[in-house]
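Just so we're on the same page: letters track the sequence lines, and every chain starts at 1.
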Amino acid sequence: MKISLIVNGTAHTIEIEPRTLLVDVLREQLRLTGTHVGCDTSQCGTCTVHIAGKPVKACAMLAAQADGQAVTTIEGVAKGDVLHPMQAAFREHHALQCGFCTPGMIMTALAMVESHKGEPLTEGVVRKELEGNFCRCTGYQPIVTAILAGAKAMA
Amino acid sequence: MHNFNYHRPKTLSEARAIFSGAEDAVYLAGGQTLIPTLKQRLRQPSDVIDLSQLAELRGIAVEKDAVVIGAMTRHADVAASTDVRRLIPALAHLAGEVGDPQVRSLGTLGGSVANSDPAADYPAAVLALGAAIHTPERIIAADDFFTGLFETALEPGEMIVKISFPVPKRAAYMKFRNPASRYAVAGVCVADTAKGIRVAVTGAGPNAFRQTEMETALSKSFTPEALAGVIVSSEDLNTDLHATAAYRAHLVAVMARRAVEALI
């Protein structure tokens, strides 16, 4: 079957099998390998992308379900060589060690800033909203610090 | 995942026709349970029918004394709805505690209720609030809906269109979460409704059920102390690697007390 996706602003028409997962289209067909597969059991959140601005796990969604929708991946976040303020905050605050979870963390962070627009992001909110993203290196502390700093920089 | 035929019908009748014409079809709502299930090959349907384009299944409406929520409404939208937050804050709170933000972006009310997962959150609210489950053919009372482990009163091919939640005088949902999955190890919804006090339990048994001893005790005196005299039996409760039946019985008592404390 054929689907059309707008990925990071670019329209694509893609031939897929009905069973193809969104994450596999992004990684294997569009070669956007910034979206990672950590667990493949819909738990770790490292495959998080945005569909119409909402965070979703791309390993828990058929590509067919995304037909006709706008997808944003980690590759669509920076402006050329200039890091997005959230990415810059992750670097500044050492919010990664191995870095495998980082793309998902940043996509979730951007979604939480968006969904809490107009109210200050608190540490409690950040920790709750991060429940769908696992990091096995940092213990989360620097990630929380970075998200709070990134949110401030975006305001 | 084995391959299947994928359909994206535009109308209810089209969806029903595809279902009846297929060998072994399954409806796809948000997919947050179904997709992982297909990936593990625990289910191998011939046809997957995506309900996302059915306008009849969408939206939140306030009707006389009730909030009516379309089956395809995402958890995040129920949690954020100003109408739900104003009229049934316990339901908005419950929706905001399902899974994690990514699951709440896609997971739906109808999908959760139709699946009748023993540890799902929504069934507790559906039962405690005395909701009515609307399908194209009929209206099913919450008390008749959950019939067993992953089993409901829905006939093959029958789907939930919307659920009508009567607005309670007050209600609260408390759950003890599995720290990894965020499913309810035990969850209790206590509601003070036009039809009396209703207490529903999820996570503890094969499916959500009403705790009638607690309802009787709270009807006499709506206080945490009134619950102290109720012995929660662990008979028929679940034992798994997360908790024994006896521990779940204990948690049911604790969550019920917390819910009542939140309401007085």
Side-chain angles (χ1 to χ4, degrees), chain A residues 1-3 16-24 35 37-69 104-105 107-117 119 125-134, chain B residues 1-10 18 22 25-53 72 74-77 79-80 93 96-108 111 177-183:
Chain A
M1 62 181 287
K2 260 194 176 52
I3 58 164
I16 58 162
E17 284 186 42
R19 63 177 162 180
T20 311
L21 295 167
L22 177 61
V23 71
D24 292 327
T35 302
V37 179
C39 67
D40 207 20
T41 53
S42 350
Q43 293 170 42
C44 79
T46 187
C47 65
T48 302
V49 300
H50 295 179
I51 303 269
K54 301 270 167 58
V56 304
K57 291 174 187 168
C59 86
M61 186 174 187
L62 300 174
Q65 286 176 279
D67 185 17
Q69 307 218 59
M105 288 286 175
M107 297 314 287
T108 299
L110 292 174
M112 83 173 79
V113 171
E114 183 60 33
S115 67
H116 290 84
K117 236 178 188 165
E119 52 182 305
V125 169
V126 172
R127 288 189 183 275
K128 181 168 190 304
E129 299 278 311
L130 271 186
E131 284 180 346
N133 292 79
F134 295 176
Chain B
M1 183 176 352
H2 286 285
N3 219 351
F4 44 76
N5 303 309
Y6 172 85
H7 310 269
R8 212 183 196 188
K10 293 268 193 307
I18 296 166
V26 64
Y27 290 128
L28 170 62
Q32 298 306 281
T33 299
L34 182 60
I35 304 293
T37 305
L38 297 180
K39 285 166 73 173
Q40 290 178 62
R41 298 185 178 178
L42 293 171
R43 234 180 140 166
Q44 300 174 16
S46 63
D47 294 75
V48 170
I49 306 170
D50 183 346
L51 303 180
S52 63
Q53 304 304 304
M72 282 298 288
R74 317 282 174 179
H75 306 318
D77 294 330
H93 163 78
E97 296 286 308
V98 177
D100 53 51
Q102 293 94 322
V103 166
R104 294 194 290 273
S105 294
L106 290 176
T108 67
R177 308 190 314 170
N178 177 309
S181 71
R182 275 97 198 181
Y183 272 108

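Between A/L21 atom CG and B/M1 atom CE the span is 4.0 Å, to the nearest 0.5 Å. Here OH of B/Y6 is found 15.0 Å from CD of A/E17. Values are rounded to the nearest 0.5 Å.
Side-chain contact of A/N133 with B/Q102: a donor-acceptor pair under 3.5 Å is present, judged by distance alone.
Chosen from A/D40, A/T20, A/T41, the residue pairing most often with chain B at heavy-atom distances under 4.5 Å is A/D40.
B/L28 touches chain A through its side chain: at least one heavy atom from C-beta onward sits under 4.5 Å away, while N, CA, C and O do not. Residue B/D50 touches chain A through its side chain alone, counting heavy-atom pairs closer than 4.5 Å. Proximity to chain B (any heavy atom under 4.5 Å) is shown, for A/I51, by neither the backbone nor the side chain. With a threshold of 4.5 angstrom between heavy atoms, A/T108 approaches chain B through side-chain atoms but not through N, CA, C or O.
In terms of heavy atoms, B/S105 sits closest to A/V56 at CB-CG1, 4.0 Å. Contact detail for B/P36 and A/S42: the closest heavy-atom pair is CG-OG, 3.2 Å. Here the closest non-hydrogen pair linking B/R182 and A/F134 is NH1-CE2, 4.4 Å.
Of the possible donor and acceptor atoms, one in the side chain of B/N3 sits under 3.5 Å from a partner among the backbone N and O of A/R19. Side-chain atoms of A/Q43 never come within 3.5 Å of backbone atoms of B/S181 as a donor-acceptor pair (strictly under, hydrogens ignored).
No more than 12 heavy-atom neighbours from other residues, nucleotides or ligands sit within 6.0 angstrom of CZ on B/R43.
A/M1 places none of its side-chain heavy atoms less than 4.5 Å from the side chain of B/R8. Looking at B/I35 and A/K57, their side chains never come closer than 4.5 Å, going by heavy atoms from C-beta outward. The shortest side-chain heavy-atom distance between A/K54 and B/D77 falls under the 4.5 Å cut-off. A/L62 has its side chain within reach of B/F4: a pair of non-hydrogen atoms, C-beta onward, lies under 4.5 Å apart.
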